[in-house]
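Numbering of ligands and ligand atoms starts at 1, following listing order. What you see below is based on every heavy atom in this structure, not just the backbone, and it leaves out hydrogens, waters and symmetry mates.
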Amino acid sequence: MNIHVLTLFPEMFQGPFQESIVGRAMERGLVSIQIHNIRDYAHDKHRMADDYPFGGGGGMVLKPEPLFLGVEDVKSRIADESSPQRAEDAQVVLLSPQGEVLTQEIVKEMTSHPDIIFICGHYEGVDERVREHLIDREISIGDYVLSGGEIPAMVVVDSLVRLIPGVVGDTESLEDDSHSSGLIQFPQYTRPSEYRGWPVPPVLLSGNHQEVHLWRRQQSLRRTQRQRPDLLARAPLSPQERLFLEHLGE
Ligand SMILES: C[S@@+](CC[C@H](N)C(=O)[O-])C[C@H]1O[C@@H](n2cnc3c(N)ncnc32)[C@H](O)[C@@H]1O
């Protein structure tokens with residue numbers, strides 16, 4: 001997967017993309033992440049990427065020119081390195097608190113795109129013509145407002161990279177992750193088997209894989225009902241599991 005990020009603050013990406021899973025995935029060539037400075041595409045006298053809003057009001061708005069030129073430049077590089085078709089198919093994503101709220105389902109769907117171009121807004125946001133004529137998708141990381149799209153871009157990129165085959169060694173752990181199966185994850189324990197008088201549930205030490213699997217599934221169901229009951233309506237559950245949940249409420 002090839003990821004491009006257009007931002008006014010390229011330095012912000014240095015730490016998060018060099019460390020841990022994303023850093024290792026880049027080192028191993030499983031993902032390429034290129035950061036582009038929006039200001040490099042601002043060609044007016046003062047290289048201004050933002051300007052005052054028409055109609056007045058506080059704050060500044062990101063101008064359309066540098067964003068259109070930036071996306072066009074990235075697409076022409078994709079065309080040169082891969083093919084014109086790949087450039088045309090690249091998904092252009094605006095990070096914005098007005099977009100569809102990111103879910104694991106959206107993350108999975110996005111991994112089908114080999115090339116993704118993220119646009120990080122700042123200040124009061126971006127000129128509306130960017131939304132209307134440049135982007136394919138608008139993604140929010142939650143119903144709150146951050147100062148810029150950089151942290152949201154890191155959040156989305158991290159969630160995407162984890163799903164690239166080979167990035168996380170144990171695919172079973174991905175399947176068990178919260179939200180992968182529509183539920184939240186069961187409780188996890190590690191050594192010691194007793195800490196300050198609090199023992200690990202005996203079933204986890206039993207070595208009986210079938211019982212461990214059943215216990216974990218039931219714990220996921222219990223937790224989801226207690227902490228995120230909204231998820232249960234859409235979760236793919238068996239009739240026995242629905243019955244189990246009904247009995248829990250009694
Ligand atoms: C201060 S916000 C602008 C908010 C804008 N005035 C509005 O009300 O929609 C600046 C930039 O931060 C990013 N941003 C802020 N909150 C976000 C969120 N919840 N999800 C994704 N991006 C966000 C967007 O790129 C946005 O353009």
Side-chain angles (χ1 to χ4, degrees), residues 1-17 21-22 31 33-42 44 46-75 90-113 115-163 177-179 228 230-231:
M1 174 178 275
N2 298 305
I3 293 172
H4 295 266
V5 182
L6 286 162
T7 169
L8 285 174
F9 301 96
E11 290 81 17
M12 282 181 74
F13 292 86
Q14 272 173 14
F17 286 173
I21 288 189
V22 176
V31 62
I33 304 178
Q34 293 179 52
I35 312 293
H36 309 273
N37 193 336
I38 293 171
R39 231 172 272 285
D40 290 343
Y41 299 101
D44 67 337
H46 305 291
R47 292 185 69 217
M48 267 180 58
D50 56 309
D51 211 331
Y52 294 98
F54 279 129
M60 302 294 270
V61 175
L62 281 187
K63 287 156 69 73
E65 298 97 316
L67 297 177
F68 274 81
L69 291 177
V71 168
E72 283 158 11
D73 179 49
V74 169
K75 283 195 173 186
Q91 192 171 54
V92 182
V93 178
L94 173 67
L95 282 318
S96 152
Q98 302 178 24
E100 51 185 332
V101 176
L102 190 69
T103 61
Q104 192 65 17
E105 241 173 304
I106 294 177
V107 176
K108 273 188 211 153
E109 194 271 304
M110 285 175 82
T111 57
S112 64
H113 294 272
D115 304 277
I116 306 182
I117 306 169
F118 290 101
I119 300 177
C120 305
H122 225 86
Y123 315 120
E124 273 310 299
V126 301
D127 184 285
E128 189 63 18
R129 287 160 290 190
V130 168
R131 194 171 265 120
E132 286 170 351
H133 304 292
L134 185 63
I135 63 165
D136 300 306
R137 187 163 214 172
E138 195 172 348
I139 298 257
S140 163
I141 62 159
D143 291 338
Y144 42 83
V145 177
L146 297 159
S147 329
E150 285 72 18
I151 292 172
M154 291 171 204
V155 169
V156 183
V157 169
D158 189 288
S159 66
L160 281 170
V161 171
R162 290 174 60 73
L163 296 189
D177 272 344
S178 296
H179 304 294
R228 290 296 306 276
D230 56 303
L231 297 177

**Partners passing side chain to side chain contact (heavy atoms under 4.5 Å, CB included) against Glu11 (at least two apart in sequence or in another chain)** = Gln14
**Item:** Spacing of Phe118 atom CZ and His36 atom NE2 [to the nearest 0.5 Å]
**Value:** 12.0 Å
**Prompt:** Taking 4.0 angstrom as the limit, do Glu72 and Lys75 come out as a salt bridge?
**Reply:** no
**Prompt:** Which pairs count as side-chain hydrogen bond (donor to acceptor under 3.5 Å, both in side chains) when at least one residue sits in residues 116-126, sequence neighbours excluded?
**Reply:** His122-Glu150
**Under 4.0 Å from ligand 1, counting heavy atoms only: the protein residues, by chain and number** = Leu95, Ser96, Pro97, Gln98, Gly121, His122, Tyr123, Glu124, Gly125, Ile139, Ser140, Ile141, Gly142, Tyr144, Val145, Leu146, Ser147, Gly148, Gly149, Pro152
**side chain to side chain contact (heavy atoms under 4.5 Å, CB included) partners for Glu100, two or more places apart** = Ile106, Arg137, Ile139
**Prompt:** If you draw a 6.0 Å radius around CG in Leu146, do more than 12 non-hydrogen atoms from other residues or ligands fall strictly inside?
**Reply:** yes
